[in-house]
Amino acid sequence: MCVCAWISLSRAVFVFPFFISFRKRTLSGAYFTAGSYSMNNSSVATAEKKETALYRMRHSLSHLLAAAVLEIRPDAKLAFGLPVENGFYYDFDFGDTPIGEADLTDIENRMNALIKKRIPFVRSEMPLDEALAHLEKGGEVYKMEYARELEEKGFAENGNISFYTMGDFIDMCEGPHLEHTGEVPKKSFKLDRISGSYWRGDETRPMLTRIYGLAFESGAELKEYLEMRKRAMERDHRKLGDELDLFIQDPEVGVGLPLWMPNGTIIRDELEKWARETEFLGGYQRVSTPSVTRKELYIRSGHVPYYEDSMYPSMPVDEHDDYYLRPMCCPHHHKIYASRLRSYRELPVRLCEYGDVFRYEKHGSLSGLLRVRAMCMNDAHIYCTPEQVEEEFRAVIDMYLMYYGHLRMGNFRVRLSLHDKSSDKFVDNYEEWERTEAIVRNVLDNLGVTYEEESGEAAFYGPKVDIQVKNLMGREETVSTCQLDFVMPERFDLTYVDAQGEKQRPFILHRAPLSTHERMISFLIELYGGAFPTWMAPEQVRLVPVNDEVMPYAQELEEKLRNAFVRAEIDTSSESFNKKIRNAITRKIPNIWILGKQEQESGSVTWRRYAVKEQQSVSFDRALEALETLRDKRMMDNFADVDLPL
RNA sequence: GCCGGUGUAGCUCAGAUGGUAGAGCAGCUGACUUGUAAUCAGCAGGUCGGGGGUUCGAUUCCCUUCGCCGGCUCCA
């Protein structure tokens with residue numbers, strides 16, 4: 001089976017030629033993005049950016065914000081204020097009297113007044129006890145906590161804590177800052193929104209009020225960013241999902257439980273079909289397993305207790321049995337593997353399933369299709385020998401890159417997600433963590449993939465490689481994941497018999513390259529702006545007759561298309577011709593075939609694509625053939641650089 | 001779950017400092033039969049998210065609850 005898989009994978013390369021060129025780009029370490037900006041304003045700027053002028057300006061603006069806030073709310077306590085990707089923020093504790101968005105204009109005006117005064121930023125240092133005394137005088141409990149921590153961890157410079165003074169405002173801060181407030185360019189910043197934020201990001205600590213501001217090097221750039229953000233809203237998958245009848249959500253069904261409309265279901269089906277073919281070529285075997293399962297299984301797997309918080313509460317079925325909606329398919333697949341004795345000769349065993357899974361996400365984190373409570377996952381588990389792990393992992397990553405390349409999802413980064421010793425979210429087995437993390441790191445290094453390591457991001461049962469994608473709003477989510485599991489083989493007593501007749505433990509890879517339908521399609525909708533390639537499009541061809549005279553011709557073609565399994569519709573409305581064209585375009589249908597007297601007489605169609613302006617007249621037979629090629633080769637004809645295969 | 005915002009016809013939005021609401025698009029009907037992004041006319045659509053309170057009277061004020069949006073936490 002192993003040899004067979006090799007052949008299959010090289011065939012996969014042949015079938016999807018884009019794979020090779022994409023791989024090269026990735027191997028060179030390029031991190032290419034679709035847009036010039038990301039809209040994320042939550043991630044903290046990295047260390048190497050600290051020296052830039054923009055960083056200093058944003059950092060100084062956060063001080064200006066704090067100073068202005070203290071003018072109207074002298075009792076507010078300061079927490080952290082930092083530069084972020086598109087601006088800055090500052091966290092405050094306003095006690096029992098919250099601040100609202102109506103206050104932002106006032107604060108912004110006060111900041112501008114401070115800017116006009118060209119107040120210098122002056123750095124000073126104090127020993128810890130002096131610093132604490134100073135902070136205590138101002139009631140700055142958060143800063144005091146942090147000052148003590150800096151001292152304990154030895155981060156205080158020469159045992160001193162640094163402060164920056166700007167006029168009457170003094171803040172414990174490591175800098176760097178502008179020389180003076182006047183260096184902030186005119187109209188280059190804007191207070192954006194207010195949100196909550198836990199102190200130190202810990203939900204057991206106080207909820208603070210965070211004020212976000214946008215800031216750029218010039219007023220023009222700020223304006224450009226705001227316009228870009230407005231344009232991006234037009235591509236929001238929730239808006240397009242509604243307009244294109246892809247999916248709905250209904251409070252009576254339940255939040256986070258999307259209902260896929262006929263159009264959206266076609267997109268799911270097409271992805272699923274592609275996955276089936278790819279997995280067949282990759283030597284996978286399909287299985288089907290149930291969505292509800294006894295608690296016992298999840299105790300064995302460790303989902304209870306490690307994952308219980310993210311699961312729907314259990315259902316008591318009778319006095320002895322509790323059932324759960326499954327949050328993952330893995331335990332079921334493990335049971336299939338364990339159902340009989342396995343020989344090393346049949347490894348790797350690759351079991352795949354597009355499986356429905358259910359996770360009880362916190363209400364506030366739900367968002368369109370991006371974060372839901374019921375989802376369908378492109379799941380699979382690969383059971384292999386230790387010797388096969390690297391090769392299998394490599395094949396999985398290759399499959400990811402093929403999918404991403406083909407779908408033109410370029411805006412991603414690879415994250416090596418490691419455990420965190422200080423957290424109880426992970427299975428306690430230091431040696432195995434070290435060992436498996438080294439294996440995964442090695443695979444990535446050998447592939448030449450550029451990646452970033454992050455601890456505390458692993459699955460509870462092992463390290464993983466995640467593909468992180470940012471959506472339009474700059475929200476980054478894990479789309480695909482590949483996990484190396486050293487825990488479940490033990491828990492499920494999974495074995496295989498080796499060449500010596502000895503029982504051995506296999507490794508398990510968990511992988512989901514196409515993510516869940518929900519998350520993957522939410523990204524695709526936004527990436528394509530709702531304009532899908534012919535192979536995925538709910539309606540592949542819109543037949544537009546110029547007048548009723550050609551309706552019989554249109555009906556003849558529609559029937560031929562239907563018999564060729566093409567999703568085509570005739571526009572039979574009594575609208576004007578212009579309106580029919582417009583309707584087809586606003587529905588983002590990839591192909592419009594115009595039928596008039598000329599076309600009828602010559603047995604042809606005039607082909608107008610969504611992606612390109614130029615149109616051409618071709619015989620129906622040729623057009624159908626080209627359409628089938630578009631479909632069967634899954635060509636990305638929603639991009640203008642893809643020509644019709646005529 | 002927490003913080004801030006928001007909720008008027010299927011969609012996008014008007015509106016009145018408390019006297020039960022309008023437009024465009026979509027829908028339906030009719031006329032028009034059109035060659036590349038909106039033909040014309042008519043009709044129909046809402047107990048102004050739900051519940052409670054204040055009031056002679058609430059969509060408008062207050063409370064509460066639900067949904068949605070942006071964050072935080074969490075995560076595919």
Side-chain angles (χ1 to χ4, degrees), chain A residues 39-42 89 91-94 98-104 192-212 233 236 238-239 242-243 245 248-252 254-255 307 309-310 327-328 357 359-373 375-379 417 425 457 459 464 466-469 473-481 483 510 512-520 522-523 544-551 574-586 592 594-599 606 608 613 615:
Chain A
M39 290 183 39
N40 190 0
N41 55 8
S42 63
Y89 71 83
D91 286 345
F92 304 91
D93 184 344
F94 289 113
I99 203 160
E101 273 172 20
D103 299 302
L104 291 185
D192 195 30
R193 45 182 56 127
I194 296 181
S195 73
S197 152
Y198 297 107
W199 168 235
R200 308 307 297 274
D202 182 343
E203 62 180 327
T204 64
R205 314 275 330 252
M207 171 61 72
L208 306 171
T209 304
R210 174 171 297 182
I211 302 178
Y212 277 108
M233 305 289 194
D236 188 308
R238 292 164 296 196
K239 184 175 154 67
D242 194 43
E243 285 172 7
D245 294 320
I248 56 164
Q249 298 216 36
D250 186 306
E252 203 165 355
V255 293
Y307 203 76
D309 285 349
S310 302
M328 294 175 186
V357 292
R359 298 179 184 182
Y360 196 78
E361 296 283 344
K362 285 179 183 162
H363 190 281
S365 67
L366 299 172
S367 176
L369 290 181
L370 196 59
R371 288 287 284 283
V372 291
R373 284 176 173 169
M375 66 215 91
C376 187
M377 191 185 288
N378 175 223
D379 217 347
S417 301
K425 284 191 327 191
E457 297 289 347
K464 54 182 182 147
D466 295 314
I467 310 292
Q468 300 297 112
V469 181
M473 295 304 294
R475 195 147 147 174
E476 185 184 86
E477 298 279 358
T478 302
V479 175
S480 313
T481 180
Q483 313 171 347
H510 304 237
L514 286 178
S515 189
T516 59
H517 280 317
E518 286 70 20
R519 188 166 285 181
M520 179 56 84
S522 81
F523 278 107
V544 180
V546 172
N547 57 44
D548 283 353
E549 313 253 303
V550 288
M551 199 55 84
S574 58
E575 300 290 351
S576 67
F577 180 71
N578 280 342
K579 187 63 182 290
K580 289 180 185 174
I581 298 291
R582 179 183 162 82
N583 284 343
I585 292 170
T586 51
I592 302 172
I594 290 137
L595 310 172
K597 201 175 165 197
Q598 300 157 30
E599 287 80 6
T606 294
R608 173 176 171 147
K613 266 200 161 156
Q615 59 180 30

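Numbers restart at 1 for each chain; the letters A, B, ... are given by sequence-line order, proteins then strands.
In this entry G67(B) has U6(B) as its Watson-Crick or G-U wobble partner, both defining distances falling under 3.5 Å. Using N1 to N3 plus N6-O4 or O6-N4 for Watson-Crick, or N1-O2 and O6-N3 for G-U wobble, each under 3.5 Å, C13(B) pairs with G22(B). If you check C40(B) for Watson-Crick or wobble pairing at under 3.5 angstrom, you find it paired to G30(B). When Watson-Crick and G-U wobble pairs are counted only if both distances are under 3.5 Å, G57(B) pairs with no nucleotide at all.
Ranking C68(B), C75(B), G35(B) by closeness to the Val546(A) side chain, first place goes to G35(B).
Remark: Arg238(A) is not in phosphate contact with G67(B), judged by side-chain N or O atoms under 4.0 Å from OP1 or OP2.
When the side-chain hydrogen bond (donor to acceptor under 3.5 Å, both in side chains) test is applied to Thr606(A), the partners found at least two apart in sequence or on another chain are Glu599(A), Ser617(A). With sequence neighbours excluded, the residues forming a ring pair (Phe, Tyr, Trp, His ring centres under 6.0 Å) with His510(A) are His334(A), His381(A), Tyr461(A), listed by chain and number. Partners of Tyr307(A) under the ring pair (Phe, Tyr, Trp, His ring centres under 6.0 Å) rule, at least two apart in sequence or in another chain, are His303(A). By the salt bridge (charged side-chain N to carboxylate O under 4.0 Å, His left out) test, Lys580(A) pairs with no residue at all, sequence neighbours left out. In this structure Glu549(A) satisfies the salt bridge (charged side-chain N to carboxylate O under 4.0 Å, His left out) test with no other residue, sequence neighbours excluded. Phe92(A) pairs by the ring pair (Phe, Tyr, Trp, His ring centres under 6.0 Å) definition with Tyr90(A), Phe94(A), not counting sequence neighbours. Residues that satisfy the salt bridge (charged side-chain N to carboxylate O under 4.0 Å, His left out) test with Arg205(A), not counting sequence neighbours, are Glu145(A). For Glu457(A), the salt bridge (charged side-chain N to carboxylate O under 4.0 Å, His left out) partners at least two apart in sequence or on another chain are Arg415(A).
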Between N or O atoms, less than 3.5 Å apart, protein on one side and nucleotides 11-14 of chain B on the other: list the pairs.
none

Could you go through nucleotides 23-31 of chain B and list every protein N or O atom that sits under 3.5 Å from one of its N or O atoms, giving the distance for each pair?
| from | atom 1 | to | atom 2 | distance (Å) |
| --- | --- | --- | --- | --- |
| A26(B) | OP1 | Lys579(A) | NZ | 2.6 |

Just the table, please: protein N/O against nucleotides 59-63 of chain B N/O, every pair under 3.5 Å.
none

Filtered N/O pairs between nucleotides 1-8 of chain B and protein, under 3.5 Å:
| from | atom 1 | to | atom 2 | distance (Å) |
| --- | --- | --- | --- | --- |
| G1(B) | N7 | Gly364(A) | N | 3.2 |
| G1(B) | N2 | Tyr198(A) | OH | 2.1 |
| C3(B) | O2 | Gly196(A) | N | 2.8 |

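Pairing each heavy atom of Ser197(A) with each of Arg210(A), the nearest pair is OG-NH2, 3.0 Å.
Note that CD of Gln249(A) and CG of Leu366(A) are 8.0 Å apart. Values are rounded to the nearest 0.5 Å.
If you check every strand for non-hydrogen atoms under 4.0 Å, Val544(A) touches nothing.
As rounded to the nearest Å, G57(B) and A44(B) have C1' atoms that lie 30 Å from one another.
With respect to the salt-bridge test (charged N to carboxylate O, under 4.0 angstrom), the residues Asp236(A) and Arg238(A) qualify.
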